[in-house]
Trainee: 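Once you've had a glance at the structure underneath, I'll fire off some questions.
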Amino acid sequence: MGILHLTRAVYQALRAHGQQTYPSECCGVLLGHSMQGSWKVEAAVPAGNTRTDSAHNRYQIAPAELVKIERDARRQGLLIAGFYHSHPDHPAQWSSTDLTEAHWLGCSYVITAVAQGQATVTNSFLLAGATEEDKRFEQETILVDGEQTNGLSS
Ligand SMILES: [Zn+2]
């Protein structure tokens, strides 16, 4: 199983974002660098959810916003390590829509379940595979400041 390294600040920020946007989904971008084959995330950038038609169970980051986030990241020597979003009143498991709409092979997709406004479990899934045709999600272990989390701590 792969490992995703988060700082406590990033972990808390992405969970708090899910609570703020509840009952809509939040979404954002994770920036960091690759360390021995796993991502070390240094920053979480909140993004606007453009799916106003179905914001409770869909998320989408505007392409122009993503281009700007990536440009700013590169200036700081960081790469796009992955994405995060929330599942209001649903488990922290990827949906078939999540897989269909995930295109960044080798990036981590972090999902936080938010139950009645409170962030509960946070999971991460690596988008594995070499092509769009054989892409798949593989669950990763999340380490927060080097410690394993059960997804319930805050
Ligand atoms: Zn989802």
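Remember, it's a predicted structure, so these values are computed and weren't measured experimentally. When a ligand or atom number is given, it counts from 1 through the structure's own listing order. Only this structure's heavy atoms are used, side chains among them; waters, hydrogens and symmetry mates stay out.
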Trainee: Among all residues two or more places apart in sequence or in another chain, which pass the ring pair (Phe, Tyr, Trp, His ring centres under 6.0 Å) test with His17?
Mentor: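 If we apply the ring pair (Phe, Tyr, Trp, His ring centres under 6.0 Å) test to His17, skipping adjacent residues, the hits are Tyr84.
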Trainee: Any N/O/S atom, backbone or side chain, of Asp98 lying under 2.8 Å from the Zn ion (ligand 1)?
Mentor: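 So Asp98 counts as coordinating the Zn ion (ligand 1), yes.
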Trainee: Answer yes or no: is there a donor N or O on one side and an acceptor on the other, between the side chain of Lys135 and the main chain of Thr100, under 3.5 Å?
Mentor: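 Yes; judged by distance alone, with no hydrogens or angles, the pair exists.
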Trainee: State, with a plain yes or no, whether a side-chain heavy atom of Phe125 is found less than 4.5 Å away from one of Ser108.
Mentor: no
Trainee: Sequence neighbours excluded, which residues qualify as ring pair (Phe, Tyr, Trp, His ring centres under 6.0 Å) partners of Tyr22?
Mentor: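 With sequence neighbours excluded, Tyr22 shows a ring pair (Phe, Tyr, Trp, His ring centres under 6.0 Å) to no residue whatsoever.
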Trainee: Within less than 2.8 Å of the Zn ion (ligand 1), any N, O or S from His87?
Mentor: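 Of the N, O and S atoms in His87, at least one lies under 2.8 Å from the Zn ion (ligand 1), which means yes.
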Trainee: Please name the atom of His85, limited to N, O or S, that comes nearest to the Zn ion (ligand 1).
Mentor: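 The nearest such atom is NE2.
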